[in-house]
Protein chains: 2
Amino acid sequence: MAGKRLVTPRKEPSQRRSRELVDIILKATARVLLKDGYEGCTTNRVAEAAGVSIGSVYQYFPNKESLVVRVMERHQEKLRAVLSEHLLTLQNATLQQAVKTLVRAMLDVHRVEPKLHRVLMEQVPRIGALKALHAQHAAYEPLVVAWIESHRDQLDVPDAKMATWLLIAAVDGVLQRVFLDRPSSLDEEQLATELERLIVSYLRGVT
Amino acid sequence: MAGKRLVTPRKEPSQRRSRELVDIILKATARVLLKDGYEGCTTNRVAEAAGVSIGSVYQYFPNKESLVVRVMERHQEKLRAVLSEHLLTLQNATLQQAVKTLVRAMLDVHRVEPKLHRVLMEQVPRIGALKALHAQHAAYEPLVVAWIESHRDQLDVPDAKMATWLLIAAVDGVLQRVFLDRPSSLDEEQLATELERLIVSYLRGVT
DNA sequence: CCGCGACGCGAGTATTTGCTCACGTTCAGC
DNA sequence: GCTGAACGTGAGCAAATACTCGCGTCGCGG
């Protein structure tokens, strides 16, 4: 009988006023997350920050978790938009060019509302939405695999799937760290160059 | 006047019985973390799991956070022990050998109580202890930097510090991911080999 | 203009949480 | 064995939290 926790809205807003309300609530949630972190992000505080009654919040969100999940989803939609835009340009590019645009793309992705991104990555305990994030990453994998396989002659990669997984994990790990510690001494341009070197070296292989 | 939150014990256990008590409490905390996650890890539940009065918990721990912090610290002491042991062997090793032992070392590190490790990494919101972890990583950086610089003739690295930072971030990111998703299809031996390839390629450079 | 459903409100509730404190128990030194 | 300090207990408190519900308001089809 222990039903799962709902994260879907309990009522779909139909009139314009209510759709705006939902937007206001979500923006307030993001603000509270930034200001007070996840632990301090209570439903009452969100309602207050939104200038909205707590009852109104529960009209469209079944519980606290669903609020944060929706904020994450919205954020990731933006990220995906940015990434997709870049990915279009790498159809017929050289190895160097392709890697370059990919690295810049991922750096760009992390520049979308970096503070919110940081809080979401850093503080939000792993709620369901994180699986969605990994699933999204996984969605891009076949693209990269295909690209690698179509350039096999220039590369030295025994297992395209493995290489893809490894590269995505590595690059993502690096970016994660850059935007968590933000070592100010770190020049972003240099970082990009080195990341490119890392990827190209690995793909080209050595004897 | 808003004092910082204490994480140091409010009273040092002096007799043997009480020292054992502290140990029991910390082990119970770890168990509860595993079973109920961070959110579900309440002081009352920890006391119950330890078969100990809630009052006894507060005799040695000033608040809930300090419990988790101590668990993290203990865990990391173990990790550091494992890593240090491995690092001793790479004084005068070839590039290939050194990288190999390093990769194995880091894989080994993640095998110490992996379930606890996962919960700590995944669920524990970033409390003070995480900074300690990064500081610890940073502590090993100079070692690697020195090693790189002493092997400069065999390598192609413009900036040793940058390269070190990047490699540690990348490898750590990969391992993080391995032990979070645990894609069972992933052969650990193959992963180690590929990680070595990644590192060696980057350090050797390509034209 | 009317009526009804969607909308918005916020005081209030039930529960949970971290934590205290007054009191009983064990231990070490004499 | 006696004594005082260290230890251990758990009922219970103050505060916070997620969430409800009855009521007033708005807006759209007719």
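Just the heavy atoms: all of them, side chains too, but no hydrogens, waters or symmetry mates, feed the values below. Note on naming: letters A, B, ... go to the chains in the order of the sequence lines (proteins, then strands), and numbering restarts at 1 for each one.
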K.L.:
Between the side chains of A:E77 and A:R74, is the shortest nitrogen-to-carboxylate-oxygen separation below 4.0 Å, so that they form an ion pair?
P.N.:
no
K.L.:
Using the side-chain contact (heavy atoms from CB on, under 4.5 Å) definition, which of the options B:L34, B:L120, B:L33 pairs with B:K115?
P.N.:
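For B:K115, the side-chain contact (heavy atoms from CB on, under 4.5 Å) test succeeds with only one of B:L34, B:L120, B:L33, which is B:L34.
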K.L.:
Please report, rounded to the nearest Å, how far the P atom of D:dA15 is from the CG atom of B:N63.
P.N.:
18 Å
K.L.:
Determine whether the side chains of A:Y202 and B:E194 contain a donor N or O and an acceptor N or O closer than 3.5 Å.
P.N.:
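Side-chain D/A pair, A:Y202 to B:E194: present.
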K.L.:
I'd like to check the side chain to side chain donor-acceptor pair (under 3.5 Å) partners of A:E196; sequence neighbours left out, ordered by chain and number.
P.N.:
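Partners of A:E196 by the side chain to side chain donor-acceptor pair (under 3.5 Å) criterion, ordered by chain and then number, come out as A:R104.
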K.L.:
To the nearest Å, how far apart are A:E39 CD and C:dG18 C1'?
P.N.:
12 Å
K.L.:
May I have the distance from A:R45 (atom CZ) to D:dC19 (atom P), rounded to whole angstrom?
P.N.:
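Going from A:R45 (CZ) to D:dC19 (P), I get 16 Å.
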K.L.:
Applying side-chain contact (heavy atoms from CB on, under 4.5 Å), can you list everything that pairs with A:S84, at least two apart in sequence or on another chain?
P.N.:
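Partners of A:S84 under the side-chain contact (heavy atoms from CB on, under 4.5 Å) test: A:R80, A:Y140.
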K.L.:
Do the side-chain N and O atoms of A:E12 and A:Y60 include a donor-acceptor pair separated by under 3.5 angstrom?
P.N.:
no
K.L.:
In this structure, how many angstroms lie between the C1' atom of D:dA15 and the NZ atom of B:K64, rounded?
P.N.:
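Nearest whole value for this atom pair: 15 Å.
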K.L.:
C:dA22 P sits how many Å from B:Y58 OH, rounded?
P.N.:
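In whole Å, C:dA22 P lies 18 Å from B:Y58 OH.
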K.L.:
Can you name the atoms? Protein N/O to nucleotides 6-14 of chain D N/O, anything below 3.5 Å, with the distance.
P.N.:
unit_1: D:dA6; atom_1: O3'; unit_2: B:S14; atom_2: OG; d: 3.4
unit_1: D:dC7; atom_1: OP1; unit_2: B:S14; atom_2: N; d: 2.9
unit_1: D:dC7; atom_1: OP1; unit_2: B:S14; atom_2: OG; d: 3.0
unit_1: D:dC7; atom_1: OP1; unit_2: B:Q15; atom_2: N; d: 3.2
unit_1: D:dC7; atom_1: OP1; unit_2: B:S18; atom_2: OG; d: 3.0
unit_1: D:dC7; atom_1: O5'; unit_2: B:Y60; atom_2: OH; d: 3.4
unit_1: D:dG8; atom_1: OP2; unit_2: B:Y60; atom_2: OH; d: 3.2
unit_1: D:dG8; atom_1: N7; unit_2: B:Q59; atom_2: OE1; d: 3.4
unit_1: D:dT9; atom_1: OP2; unit_2: B:S53; atom_2: N; d: 3.2
unit_1: D:dT9; atom_1: OP2; unit_2: B:S56; atom_2: OG; d: 2.8
unit_1: D:dG10; atom_1: N7; unit_2: B:S53; atom_2: OG; d: 2.4
unit_1: D:dG10; atom_1: N7; unit_2: B:G55; atom_2: N; d: 3.4

K.L.:
Using whole Å, report how far CZ of A:F61 lies from C1' of D:dT17.
P.N.:
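One finds 19 Å between C1' of D:dT17 and CZ of A:F61, rounded.
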K.L.:
Tell me, which pairs form a salt bridge (Lys or Arg N to Asp or Glu O under 4.0 Å) where one or both residues lie in residues 40-52 of chain A, sequence neighbours left out?
P.N.:
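Listed by first then second residue: A:D36-A:R45.
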K.L.:
More than 12 heavy atoms of other residues, nucleotides or ligands under 6.0 Å from CD of B:E85: yes or no?
P.N.:
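12 or below, so no.
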K.L.:
Report the end-to-end axis angle of the helix from C:dC1-D:dG30 to C:dC30-D:dG1; each axis comes from five terminal pairs, and the value is rounded to 10°.
P.N.:
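The angle separating the two end axes equals 20°.
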K.L.:
Could you state the CD-C1' distance from A:E48 to D:dT17, rounded to the nearest angstrom?
P.N.:
14 Å
K.L.:
Would you please name every residue forming a side chain to side chain donor-acceptor pair (under 3.5 Å) with B:E141, sequence neighbours left out?
P.N.:
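With sequence neighbours excluded, B:E141 shows a side chain to side chain donor-acceptor pair (under 3.5 Å) to no residue whatsoever.
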K.L.:
Considering just the side-chain nitrogens and oxygens of A:T43, establish if one lies under 4.0 Å of OP1 or OP2 belonging to D:dC19.
P.N.:
no
K.L.:
Would you mind reading off the distance between B:R16 atom CZ and C:dT26 atom C1', rounded to a whole angstrom?
P.N.:
13 Å
